[in-house]
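Residue numbers run from 1 in the order of the sequence given.
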Amino acid sequence: MKADRSSDAQQASAPLEVVSLVSLGQHPVSGRLRRAEQDARALELCLALERQSAPGAVSLSAWHATGSEIAPGSEQDQALRGYLGMGLESLTLVTPDAPGADPLKAVDSSLKAADSLKAADQPVIDVWPLLVTRLKQAAPQLVVCGGQGETGEGSGLLPHLLAESLGWPLVEGIVAIESCDGAHLTALQALPRGQRRRLRVKLPALVSVDSAAPAARQSAFAQARRGELSSLASGELVRDAQAEAFGVAPARKRPKRLKRIKATSARDRFKAAAAKAEGGGGKRLEGVSAEEGAAEILKLLREEGVLR
């Protein structure tokens with residue numbers, strides 16, 4: 001009985017292990033690499049949780065999964081140091097088990113030697129198996145990441161793949177982490193029209209951050225230079241055969257989108273939630289056939305300029 005009580009006390013005094021997953025972002029105008037906007041907001045929520053907790057109650061670490069070597073001073077190195085400038089002492093690079101040289105160099109040397117190599121033929125490394133292996137080894141209680149990446153496929157499936165592989169609950173659209181007692185997490189989730197919902201989630205859990213979360217702090221140059229990027233091998237190199245078969249083409253102009261309300265303050269969220277639809281030209285359809293409903297939807301899309 002005494003041994004059980006001592007083990008419970010030791011577990012209660014252990015710090016909460018929190019991992020923030022970060023990725024390389026891309027500026028929408030210049031195309032230069034930078035810290036990803038949503039991942040930076042996720043790290044900001046983790047830093048806020050660490051600040052509002054008791055000293056030593058939260059152990060925060062940031063991970064970046066990569067299948068290729070990141071050279072010091074490279075554009076990738078400069079972009080990742082943007083996260084270090086937010087107040088981190090180190091950032092862990094989760095890499096595959098490849099002793100010696102760059103992992104990508106050992107994938108297919110014949111492809112590397114070809115002078116006329118197309119962009120679609122470049123070897124693509126799947127990094128989520130590396131994260132699954134590392135998360136099983138480290139066993140953190142909370143994993144926080146952005147909802148969608150700015151480089152690569154940008155499909156937003158990474159949180160779902162990790163949660164499914166680990167068997168953890170996944171909560172999307174988080175804008176604030178209110179408290180975490182080691183067994184449960186209390187957070188605010190963004191809903192349409194600026195509304196919010198308070199959720200209580202059992203740990204371990206994985207949460208993704210919405211773009212309505214508080215903006216990340218400015219990266220300090222001196223702290224970014226002092227921070228350390230350390231590599232940690234975890235798992236085998238896995239090629240993404242499906243991504244390698246994708247066709248890459250220049251982006252075309254997208255069709256016009258319907259009006260979307262973006263509320264940042266509490267006053268704007270209340271106005272958006274209480275406001276009525278503008279124009280009064282809407283029509284409520286009840287008891288109509290599928291053909292009539294489809295015709296009305298098609299008419300609306302043409303009026304909004306989505307279809308021409």
Side-chain angles (χ1 to χ4, degrees), residues 20-47 62-68 70-71 73-88 91 93 118-120 122 124-128 144-161 172-176 190 192-194 207-221 223-224 227 229 240 243-244 246-265 268-269 272 304-306 308:
S20 178
L21 302 180
V22 299
S23 63
L24 293 172
Q26 189 173 30
H27 194 277
V29 178
S30 64
R32 297 189 61 180
L33 294 181
R34 61 171 187 176
R35 64 179 186 180
E37 185 67 25
Q38 290 192 7
D39 291 338
R41 292 174 186 262
L43 180 57
E44 183 66 35
L45 293 186
C46 295
L47 292 171
W63 298 357
H64 170 69
T66 177
S68 59
I70 297 180
S74 63
E75 190 176 7
Q76 293 86 350
D77 178 81
Q78 300 291 338
L80 292 177
R81 288 189 177 275
Y83 297 108
L84 293 173
M86 295 176 63
L88 297 177
L91 190 149
L93 302 177
K118 297 181 179 179
Q122 293 282 359
V124 179
I125 305 304
D126 218 344
V127 297
W128 72 267
V144 186
C145 64
Q148 187 176 11
E150 298 178 2
T151 56
E153 298 178 29
S155 61
L157 290 178
L158 177 63
H160 299 269
L161 292 172
E172 296 182 287
I174 295 299
V175 295
R193 301 181 67 86
V207 300
S208 62
V209 175
D210 190 79
S211 57
R217 68 191 68 182
Q218 185 176 359
S219 179
F221 178 79
Q223 177 63 32
L229 296 177
D240 191 346
E244 291 177 358
F246 289 166
V248 181
R252 296 180 299 176
K253 186 177 180 180
R254 295 183 178 181
K256 180 182 177 182
R257 291 178 177 268
L258 296 178
K259 183 179 179 181
R260 182 181 178 184
I261 300 176
K262 293 184 178 180
T264 55
S265 63
D268 294 338
R269 290 198 300 270
E304 295 291 340
V306 178
R308 299 181 181 276

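For residues 26-36, every residue pair satisfying the salt bridge (Lys or Arg N to Asp or Glu O under 4.0 Å) rule, not counting sequence neighbours, is listed here: Arg34-Glu150.
Of all heavy-atom pairs between Ser211 and Gln38, the closest is CB-NE2, 4.1 Å. Across all non-hydrogen atoms, the minimal contact from Thr66 to Ser68 is OG1-O, 3.0 Å. Across all their heavy atoms, Gly156 and Pro159 have their closest contact at O-CD, 3.6 Å. Closest heavy-atom contact between Met86 and Ala216: CE-CB, 3.9 Å. When every heavy atom of Ala224 is checked against every heavy atom of Ser219, the shortest pair comes out as CB-OG, 4.4 Å.
Here Leu158 pairs with Trp128, Leu131, Leu162 under the side-chain contact (heavy atoms from CB on, under 4.5 Å) rule; sequence neighbours left out. Under the side-chain contact (heavy atoms from CB on, under 4.5 Å) criterion, Glu172 pairs with His160, Leu170, Ser208, not counting sequence neighbours. By the side-chain contact (heavy atoms from CB on, under 4.5 Å) test, Ala190 pairs with Val175, Arg196, Asp210, sequence neighbours left out. A search for salt bridge (Lys or Arg N to Asp or Glu O under 4.0 Å) contacts involving Asp77 returns Arg81, not counting sequence neighbours. Under the rule for a side-chain contact (heavy atoms from CB on, under 4.5 Å), the partners of Thr151 that lie at least two apart in sequence or sit in another chain are Leu24, Gln26, Leu33.
Annotation: the span from Leu161 atom CG to Asp126 atom CG amounts to 8.0 Å, rounded to 0.5 Å. The CG atom of Leu45 lies 9.5 Å from the CZ atom of Arg41; values are rounded to the nearest 0.5 Å. The CG atom of Leu47 sits 4.5 Å away from the CZ atom of Arg217 when rounded to the nearest 0.5 Å. Remark: Leu229 CG to Ile70 CD1 distance equals 7.0 Å, nearest 0.5 Å. The line from CD of Gln148 to CG of Asp39 is 11.0 Å long, rounded to the nearest 0.5 Å.
Here the side chain of Tyr83 pairs a donor or acceptor atom with the backbone of Ala36 at under 3.5 angstrom. Between the side chain of Ser30 and the backbone N or O of His27 there is no donor-acceptor pair closer than 3.5 Å.
Taking 4.5 Å as the limit, some side-chain heavy atom of Val22 sits within range of a side-chain heavy atom of His64. Contact of the Leu88 side chain with the Leu43 side chain is registered, since non-hydrogen atoms from C-beta on lie closer than 4.5 Å.
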